Amino acid sequence: MQLIRTVSFPEPQLLADLSPLPEGLKGVVWDMQGEPDEAHGSIDGVILPYLNAGAVLGNLDKVQDLKFVQTQSTGFDGVREAAGPGAAVANASGVHAAATAELAVGLILAKLRGIDQAVRDQQTENWAPQRRQSLADRRILLLGIGGIGQELARRLEPFEVTVTRVGSTARTDGHGQVHSSADLESLARDHDILVSVLPLNDHTHHLVGARVLAALPDGALVVNVGRGPVIDTDALTAEVVSGRLQCALDVVDPEPLPKGHPLWSTDNALITPHVGGNASAFEPRILKLLKRQLEALAAGETPANLVQQGPFQQDAAKQGASA
């Protein structure tokens with residue numbers, strides 16, 4: 001049974017790029033800045049904008065019979081709550097994995113090898129060679145074993161590093177041992193670099209707090225390309241400003257980092273403005289995913305990447321009962 005018949009797109013170009021839509025689906029443009037155009041009729045599904053989606057999530061309640069929400073990001077902070085339990089929510093898992101993993105490697109290399117300092121020195125024509133840390137032989141504590149974590153571990157392997165993977169629970173998977181996040185503090189003592197690619201949820205909020213940061217060796221590097229609130233900003237700031245730790249952050253909490261915040265001005269911090277997935281790989285990969293999702297919706301099939309089942313769970317139960 002086809003549950004979704006009309007899907008809104010956040011901007012005309014995205015609808016044009018995916019047109020013609022599969023038979024049985026109607027596409028309309030709604031930027032989510034105001035009320036949906038009544039001329040469009042009833043909207044069943046909404047594709048969120050990629051950038052600043054959080055600012056317009058509250059407008060999902062303007063859709064009277066919302067059944068499906070598709071994010072263009074891997075993270076889905078607040079989307080399920082805004083959509084309500086009756087709507088299915090799907091994220092863009094896999095779309096951003098390669099680009100985010102690339103940035104993580106770039107941040108690690110830039111901070112270890114002092115490339116950020118070299119840029120500052122260039123502005124003053126200052127030639128100041130120093131012996132810096134190599135990535136080779138570093139011990140990396142990788143928090144998160146999903147798509148981004150897998151891509152990052154694969155990219156780190158040629159650098160001759162030791163990678164310790166951490167998930168929610170201890171287990172063994174196809175890539176080897178996974179440690180429990182409950183052991184994070186004891187694991188931190190033996191690692192030079194901590195990298196978080198974790199999503200944000202009740203379990204991961206401030207998972208990396210003062211105790212974990214204090215356990216890291218002097219000079220250790222903290223990298224976050226997942227979600228800002230996974231790391232306690234106040235605790236991290238204290239360690240970085242003191243000079244004991246370094247950090248390289250693509251995500252922060254709050255975001256953006258307020259003007260005048262101490263992390264802006266310390267040489268021990270390297271900050272990029274949440275651009276992990278915002279690279280040339282994004283567009284072809286998001287279009288490929290959205291095309292598959294729309295085809296599934298038109299065929300009355302369950303779309304991929306559901307983080308909330310909504311009516312699709314109910315539909316599957318009905319099909320099972322009638323089988």
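We count residues from 1, following the sequence as given. As the structure is a computational prediction, the values presented were derived from the model and not from experiment.
Taken to the nearest 0.5 Å, the CG atom of L156 stands 13.5 Å off from the CZ atom of R138. Note that the CG atom of D17 and the CG atom of L290 stand 10.0 Å from one another [nearest 0.5 Å]. With values rounded to the nearest 0.5 angstrom, T6 atom OG1 is found 8.0 Å from L25 atom CG. Remark: T71 OG1 to N305 CG distance equals 8.0 Å, nearest 0.5 Å. Taken from NZ in K26 to OG in S8, the straight-line distance is 12.0 Å, to the nearest 0.5 Å. Note that the CD1 atom of I231 and the CG atom of L249 stand 6.5 Å from one another [nearest 0.5 Å].
Comment: R292 does not engage E295 in a salt bridge, judged by the lack of any side-chain N to carboxylate O separation of less than 4.0 angstrom. Salt bridge absent: D44 and R5 never bring a charged side-chain N and a carboxylate O closer than 4.0 Å.
The closest side-chain donor-acceptor pair between H179 and T164, if any, does not fall under 3.5 angstrom. A donor-acceptor contact under 3.5 angstrom links the side chains of Q117 and R120, judged on distance only. There is no side-chain donor-acceptor pair under 3.5 Å between S242 and R244.
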(message) Would F9 and L21 count as a side chain to side chain contact (heavy atoms under 4.5 Å, CB included) here? Give the steps.
(response) CA-CA 12 Å; F9 293 74; L21 300 183; 4.0 Å; yes
(request) Go through I140 and V195 one step at a time and tell me if the side chain to side chain contact (heavy atoms under 4.5 Å, CB included) criterion holds. (result) CA-CA 7 Å; I140 300 176; V195 185; 4.0 Å; yes
(request) Could you go through the side chain to side chain contact (heavy atoms under 4.5 Å, CB included) check for L109 and F159 one step at a time? (result) CA-CA 10 Å; L109 286 170; F159 286 96; 4.1 Å; yes
(request) Go through V225 and V251 one step at a time and tell me if the side chain to side chain contact (heavy atoms under 4.5 Å, CB included) criterion holds. (result) CA-CA 6 Å; V225 295; V251 293; 5.7 Å; no
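Within a 6.0 Å sphere centred on NZ of K288, heavy atoms belonging to other residues, nucleotides or ligands number 12 at most. Around atom CD of Q123, more than 12 heavy atoms belonging to other residues, nucleotides or ligands sit under 6.0 Å away. Other residues, nucleotides and ligands contribute over 12 non-hydrogen atoms within 6.0 Å of the CD atom of Q2. At most 12 non-hydrogen atoms from other residues, nucleotides or ligands lie less than 6.0 angstrom from CZ of R211.
Listed by first then second residue, pairs satisfying side chain to side chain donor-acceptor pair (under 3.5 Å) with a partner in residues 77-96 read D77-R227, not counting sequence neighbours.
Between the side chain of W127 and the backbone N or O of D121, no donor-acceptor pair lies under 3.5 Å. Judged by distance alone, the side chain of H261 and the main-chain N or O of L263 form a donor-acceptor pair under 3.5 Å. Of the possible donor and acceptor atoms, none in the side chain of T172 sits under 3.5 Å from a partner among the backbone N and O of Q177. Proximity of a side-chain donor or acceptor of R155 to a complementary backbone N or O of E151 within less than 3.5 Å is detected. Side-chain atoms of D183 never come within 3.5 Å of backbone atoms of S186 as a donor-acceptor pair (strictly under, hydrogens ignored). Under a 3.5 Å cut-off, the side chain of N52 and the backbone N or O of A55 do not form any donor-acceptor pair. The backbone N or O of L14 lies less than 3.5 Å from a partner atom in the side chain of E11, making a donor-acceptor pair. In this structure, the side chain of T233 engages the main chain of D253 through a donor-acceptor pair within 3.5 Å. In this structure, the side chain of Q293 engages the main chain of A304 through a donor-acceptor pair within 3.5 Å. For T272 (side chain) and H274 (main-chain N/O), no donor-acceptor pair under 3.5 Å exists by modelled atom type.
The two residues A88 and L306 have their closest heavy-atom pair at CB-CD2, 4.1 Å. For the pair L200 and T204, the tightest heavy-atom approach, listed with the atom from each and the gap, is CA-OG1, 3.3 Å. Taking every heavy atom of both residues into account, I148 and A97 meet most closely at CG1-CA, 3.7 Å. Nearest heavy atoms, P36 versus W30: N-NE1, 3.6 Å. Between A269 and D116, the shortest heavy-atom distance links the atoms O-OD2, 4.4 Å.
Transitive grouping of hydrophobic side chains (ILVMFWY, heavy atoms separated by less than 4.5 Å) keeps V119 and L107 in distinct clusters. Note on L187 and L245: same hydrophobic cluster, where clusters join Ile, Leu, Val, Met, Phe, Trp and Tyr whose side-chain heavy atoms are under 4.5 Å apart, directly or indirectly. Note on L143: it clusters hydrophobically with V252, by side-chain heavy-atom contacts below 4.5 Å among ILVMFWY residues. L48 and V63 end up in the same hydrophobic cluster when Ile, Leu, Val, Met, Phe, Trp and Tyr side chains are linked at under 4.5 Å. In the hydrophobic clustering of ILVMFWY residues, with side-chain heavy atoms under 4.5 Å counting as a link, I271 and V275 come out apart.
Side-chain contact between C247 and L270 is absent, with no heavy atoms from C-beta onward closer than 4.5 Å. Considering only heavy atoms from C-beta on, V69 comes within 4.5 Å of L60 through its side chain. In this structure, N224 and L236 have side chains that are not in contact, with every pair of non-hydrogen atoms separated by 4.5 Å or more. Two residues are said to be in side-chain contact when any heavy atoms from C-beta on lie closer than 4.5 Å; I193 and R139 fail this criterion.
Residues meeting the side-chain hydrogen bond (donor to acceptor under 3.5 Å, both in side chains) test with D173, sequence neighbours left out: R165.
P262 pairs with exactly one of T237, V240, L257 by the side chain to side chain contact (heavy atoms under 4.5 Å, CB included) rule, that one being T237.
Between Y50 and F282, the ring planes are parallel. Angles under 30° get that label, and only those over 60° would be called perpendicular.
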